[in-house]
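Right, one structure below, let's go through it.
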Amino acid sequence: MSVASDQFKGDATRVSKDEMQRALIHRGLKKYEAARSIRQAAFQDWEAARQTAAEIKWDAVNHLDDYLAEFADKIEANGAKVHWASNSQQAREIILGIIREKKARSIIKSKVMTGEEIHLNECLEKEGFDVVESDLGEYIVQLREEAPYHFVFPAMHLARGEISELFTKELGTAPTENVEELTMIARRVMREKYLSADVGISGGNFAVAETGMISITENEGNARLTCALPKVHISLMGIEKVLPKMRDLALFLPMLATAGAGQALTGYNSFYGGPKSGDECDGPEEFHVVLLDNRRTELLADSEQRDSLGCIRCGACLNVCPIYRNVGGHTYGTTYQGPIGSVITPHLRGLQDWKHLSNASSLCGACTQTCPVKINLHEHLLQNRRNASEEKPVWWEKMAFKGFEFVMNRPFLYRIGSKIARLVFPLHELVKASPIDPAREWTKTRELPPLAGQSFREYWSKRS
Amino acid sequence: MSEREQIFGRIREALRNPAPVPGAHHGESLPPVTEASAAPHIPEWLPLVGDSEAERLELFKKNSIELKADFRLLDSEEEVHAQIAELSADWKRVATHRNPLTDLVCDRIDLPILCTDGGYDAAEMEECDVGISACDALIAQTGSVLVTSTSAGGRSLSVLPPHHIVVARRDQLLSDLPSAFALLEERYAPDYPSFISFITGPSRTGDIERILVLGAHGPKVLTILCW
Ligand code: SF4
């Protein structure tokens, strides 16, 4: 059993008993569900749109070499500098290198999940830089020194009272239960930061090969300010984010908004194709794009699960997942939570350490059904289970199946076995759910169905 | 070997195994549709927009209400001036850029004006009460305003001041997103501005208890004057 799986079990048990947290999550997700169903119904043909989105992503991912090269060459021709990082360490070094060379002190960030993946904040803070998350939810979890709870709604596990307390403690502001006032506190803090920051770091939702642009989707305007005011803009993204054509965004942007938050279109969808050009009046002097592999190519090599690289990180699969809803985001202990996190984390961070996530599923298939790009999520969870046991069989499971096979191939043994089982079954009542019950894992929370009084064979032979 | 080459090496190696086409569950086979053949159909799948100008205007209006954007459909330049006179009552300072439409509006404003053309000081812009900009297009389908660094006075004008006013002519109203992308291509390809944005309503957040708050970091008010 890995450390991660112990942590998962412990946290899952704790959170599923935490009524407050669960109520908050359920209330938030109810709102999401209502808004999403209206938006999805407004599409003339959501299913056709989904199929096409899946096909465009299939084309992009299955010709990643061509599109990635096209993207990099185009955006460099527009004056950006492209950097390549095979792993987290290289990505951190590249970013640190740029910041040091610019003699920058203060850094403003807009949401970048890839940054969480490479632990960028910790690294920059350790080096003594002043780093601030500008997205409201990310700022709140940064102040609490915890990871985002949900990769789209990072602070959805916190009630306004807790946020007010946090601001009072960290910023010295007066306590308030007013959500608007809380938001304005963060706005005021951030305003100064935008103007004084030397470097802005952003993520990217899509990388358009045809035109050499990155596309950033957000509601607050913090990413726009991050990419407009500081002299240097660094964008960190995974290599799988490419889209072939700019016009593909006409489909992906409304689908991302609909699946992600039940919006027709997110507040700001902005495309950045380079630094400030000669005839423009503002924008950064330098634009760096850092493209990260970090074992994405290993996932790419698994042709069965390759489609999971087409994920647009809308978060819909988390929102509908009965497991996510009950164990919460932090329990996963991963950068990407929920079904998509359970599928890709074993590829990105090691199958044996993260295979337990494949069992955190009821296999209901709600994730697959909701996914706007048709990733076969619940089947991938099964494939991960299979791969994990093929790679490293569990001895007692193997023994159990050997034993099962042995008995099943010998009818007389099976007959004797089922007779004995019927004789001793009533005795089970005596030990049920106690520490010596061999079926305790099951019986401590559930009833064991009773054995039928006679076997089918006995029933059949007596029938006439 | 450079890092770039190494990454490309791994990608090419990985892609040697073909992957099943999307939507094919349990080994069922589906004919792959190519992107080129799908593009013309996208408008048929996205939310419906009417054919006439009146329907487009109606939809833009409806979307603006939902988005809490302040859309004002006007009939003459005189009305535009009257609206600006009303809006500007407690402004102290205005930011804008040079463009026939913004010139028309700003000519009658008797306040200090910061013009972004040729560069400006961001701290000064932050002090302005309002940013007035033109745009490339309005999009009925989503209630969006399409701006670029070329058409709307740079990257900050439409996001830094607490109030953003967009001035547009009626013939700038497009029906849907695919036509907005077609316009971008026609107007700018292959030398796109370094910044393009679809602005859909005022800045917003739902990060605290999923409760909507306007003016998270960008403008709290988005006014669209269209005539
Ligand atoms: S797997 Fe699908 S549903 Fe889940 S986040 Fe990615 S795109 Fe959205």
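Labels below follow one simple rule: chain letters A, B, ... track the order of the sequence lines, proteins then strands, and each chain is numbered from 1. A quick note: this is a predicted structure, and the numbers were derived from the prediction, not measured.
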What part of [X] gets within 4.5 angstrom of chain B, counting heavy atoms only: side chain, backbone, both, or neither?
X: A/V61; answer: backbone
X: A/Q263; answer: side chain
X: A/R39; answer: side chain
X: A/K276; answer: backbone
X: A/M255; answer: neither
X: A/D65; answer: both
X: A/N219; answer: both

> Looking at A/Y32, is B/R210 sitting on its ring face, NZ or CZ under 6.0 Å from the six-membered ring centre and within 45 degrees of the normal?
Replying inline: no
Counting neighbours of [atom1] on [X] that are heavy atoms of other residues, nucleotides or ligands and sit closer than 6.0 Å, is the number greater than 12?
X: B/K220; atom1: NZ; result: yes
X: B/K61; atom1: NZ; result: no
X: A/R191; atom1: CZ; result: yes
X: A/E192; atom1: CD; result: no

> Quick one: of A/G267, A/G273, A/A228, who has the most non-hydrogen atom pairs under 4.5 Å with chain B?
Replying inline: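 Most pairs with chain B among the choices: A/G267.
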>> Shorter than 4.5 Å, heavy atoms on both sides: which option in A/S86, A/P275, A/G221 has the most such pairs with chain B?
In response: A/S86
> Salt bridge check: are A/E210 and A/K245 linked by an N-O gap of less than 4.0 Å?
Replying inline: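 No salt bridge links A/E210 with A/K245.
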> Do the rings of A/Y272 and B/F195 sit parallel, tilted or perpendicular, given the 30° and 60° boundaries?
Replying inline: tilted
> Of the backbone (N, CA, C, O) and the side chain (C-beta and beyond), which part of B/E44 lies under 4.5 Å from a heavy atom of chain A, both, or neither?
Replying inline: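 Interface part for B/E44: backbone (N, CA, C, O).
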> Under a 4.5 Å heavy-atom cut-off, does chain A meet the side chain of B/Q141, its backbone, both or neither?
Replying inline: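 Neither part.
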